[in-house]
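All remarks here apply to the structure that follows.
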Amino acid sequence: MTATVATRPRYHEMVDTFAPVAAQKPVCLYLETTNRCNLLCTTCPRTYEELEPPADMSWELFTRIVDQVPNIQRVVLHGVGEPMLVADLPRMIRYLKDRGAYVLFNTNGTVLNAKNGRAISEAGLDELRVSLDAADAKTFKLIRGKDYFNRIVKNTRAFLQQQQREGLDKPRVSLWLTGLKETVEQLPAFVRVAADIGVKEVYLQRMVYFEDKAIGNARPDQALFERMSAEEAGHLHEAVEVAKSLGIMFSASGATEPETSVKQATDGNPWSLCRRPWTVMYFTANGRALPCCIAPFSQRGYEHYTLGDATQQTLTEIWNSSAYQKFRTDLKSDTPAEACKSCGLRWSL
């Protein structure tokens with residue numbers, strides 16, 4: 001299959017033990033550079049409620065966190081907002097690259113203009129993931145709330161053309177679609193859109209949703225995970241074949257093949273496969289430490305799974321605090337945190 005998963009660091013393989021006290025420092029940071037966004041996506045909780053006070057992560061908070069992990073290997077500069085709205089973003093990228101980190105973020109592509117694109121390229125960004133989520137403008141507006149499909153396609157194509165003109169191989173650009181019952185039939189067309197733009201990598205993102213109370217399109221009846229019909233599986237298989245014919249790498253979140261990403265494992269406690277509490281620290285724009293970037297999409301109320309505050313505590317104090325130790329212990333049991341129960345399985349970095 002042409003859709004071979006690209007080679008990336010497999011940080012979870014570095015974990016030697018899954019004890020409550022983490023023996024190693026985190027190897028990856030997720031820094032929510034902003035919780036502001038210019039779209040109204042129907043699968044995002046921030047569209048329907050204020051999760052935290054609106055904020056961009058301050059330079060002081062950013063450096064305070066980063067400087068405490070001088071050998072950090074990987075940093076993801078997104079959370080529930082749009083990173084390219086942040087004026088300091090190129091400066092943050094360069095600061096991390098000077099420390100040898102691999103840096104990436106997801107963008108909705110709406111403000112990926114020539115000036116911003118050049119700034120993130122010159123800063124040394126390694127990977128740019130463009131969330132498009134549809135194969136046409138009508139479906140895009142239905143899923144993402146605003147009529148920006150054509151703008152994003154135009155911006156992404158122009159960015160790739162700029163890279164080609166200037167002989168740049170970074171950042172690596174990929175196109176992402178959140179798998180919904182509403183959009184699964186568009187997968188083959190989505191791959192073709194990517195090929196037309198010039199994108200060489202396409203990813204199927206598995207949707208995470210609240211079990212107790214659905215929001216927008218983030219609801220059980222829209223989920224593909226464990227619920228895919230034969231017809232829907234046919235669309236997925238066709239997309240794989242289209243990708244193969246066009247020389248596109250088609251993969252899925254969690255570094256799995258697309259068809260694997262929507263299947264359940266035989267493990268009775270799928271959440272126990274997660275390695276993030278031993279490898280990753282996630283901080284909101286206001287400095288709140290959460291288990292991972294998926295938690296806000298799995299359970300309402302940050303107070304239920306906050307593990308610390310980077311404005312008041314050191315990362316060392318947070319990383320092996322009683323709250324973190326309990327979270328790790330629960331994850332290896334039959335009764336994990338509520339946010340983990342509905343997350344799914346095989347989520348990797």
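Note that these values count all heavy atoms, side chains included, but never hydrogens, waters or copies made by symmetry.
A donor-acceptor pair is defined here as one N or O able to donate and one able to accept, closer than 3.5 Å; such a pair exists between the side chain of Glu82 and the backbone of Asn108. At distances below 3.5 Å, not a single donor-acceptor pair connects side-chain atoms of Thr34 with backbone N or O atoms of Val86. A donor-acceptor contact shorter than 3.5 Å is absent between the side chain of Asn106 and the backbone of His78. With hydrogens and angles disregarded, no donor-acceptor distance shorter than 3.5 Å links the side chain of Asn155 to the backbone of Asn113. Remark: the backbone N or O of Arg91 is not paired with any side-chain donor or acceptor of Trp59 at under 3.5 angstrom. Using modelled atom types, one side-chain atom of Gln68 and one backbone atom of Leu315 make a donor-acceptor pair closer than 3.5 Å. Remark: the backbone N or O of Thr178 is paired with a side-chain donor or acceptor of Asp133 at under 3.5 angstrom. Between the Arg328 side chain and the Pro277 main chain, a donor and an acceptor come within less than 3.5 Å of each other.
Remark: Asp67 engages Arg99 in a salt bridge, criterion side-chain N to carboxylate O under 4.0 Å. Between Glu166 and Arg118, at least one side-chain nitrogen of the basic residue sits less than 4.0 Å from a carboxylate oxygen of the acidic one, meeting the salt-bridge criterion. In summary, Glu201 and Arg172 engage in a salt bridge, as defined by a charged side-chain N under 4.0 Å from a carboxylate O. Salt-bridge formation is not detected for the pair Asp196/Arg192: no Lys NZ or Arg NE/NH1/NH2 atom is positioned less than 4.0 Å from an Asp or Glu carboxylate oxygen.
When all heavy atoms of Tyr302 and Leu51 are compared, the pair lying nearest together is OH-CD1, 3.4 Å. The minimum heavy-atom distance linking Ala134 with Phe190 is given by the pair O-CD1, 3.3 Å. Ala55 and Ala285 make their closest contact through O-CB, 3.5 Å (heavy atoms, listed as atom of the first residue, atom of the second, distance). Closest approach of Thr156 and Leu112 over heavy atoms only: CA-CD2, 4.3 Å.
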Show me the donor-acceptor pairs, under 3.5 Å and distance only, between side chains in residues 143-154 and residues at least two apart or in other chains.
residue: Arg144; atom: NH1; partner: Ser131; partner atom: O; Å: 2.6
residue: Lys146; atom: NZ; partner: Asn38; partner atom: O; Å: 3.1

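Aromatic ring pairs are classed by plane angle as parallel below 30°, tilted from 30° to 60° and perpendicular above 60°; the pair Trp176 and Tyr203 is parallel.
Taken together through direct or relayed side-chain contacts under 4.5 Å among Ile, Leu, Val, Met, Phe, Trp and Tyr, Ile197 and Leu168 form parts of separate hydrophobic clusters.
Side-chain rings of Trp278 and Tyr324 stay apart, their centers remaining 6.0 Å or farther from each other.
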Requested in this report: Could you check Phe62 against Asp88 for side chain to side chain contact (heavy atoms under 4.5 Å, CB included), going step by step and ending with a plain yes or no?
Outcome: CA-CA 10 Å; Phe62 171 79; Asp88 272 335; over 6 Å; no
Requested in this report: Please lay out, stage by stage, how Arg129 and Ser174 fare under the test side chain to side chain donor-acceptor pair (under 3.5 Å).
Outcome: CA-CA 5 Å; Arg129 300 176 174 181; Ser174 54; 4.9 Å; no
Report task. Decide yes or no on side chain to side chain contact (heavy atoms under 4.5 Å, CB included) for Met84 and Phe105, but give the supporting numbers first. Result -> CA-CA 9 Å; Met84 294 198 73; Phe105 64 84; 3.7 Å; yes
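A donor-acceptor pair shorter than 3.5 Å cannot be found between the side chains of Asn35 and Glu52. A donor-acceptor contact under 3.5 angstrom links the side chains of Thr139 and Asp136, judged on distance only. For the residue pair Gln73/Tyr102, the side-chain donor-acceptor check at 3.5 Å is not satisfied.
Among residues two or more places apart in sequence or in another chain, the side chain to side chain donor-acceptor pair (under 3.5 Å) test is passed with Thr311 by Asp309.
Taking the centre and axis of the six-membered ring of Phe159, the NZ or CZ atom of Arg157 falls outside the cone set by 45° and 6.0 Å.
Here the rule is side chain to side chain contact (heavy atoms under 4.5 Å, CB included) with Leu31, and of Val76, Val66, Leu61 only Val66 fits it.
In this structure, Leu77 and Tyr30 have side chains that are not in contact, with every pair of non-hydrogen atoms separated by 4.5 Å or more.
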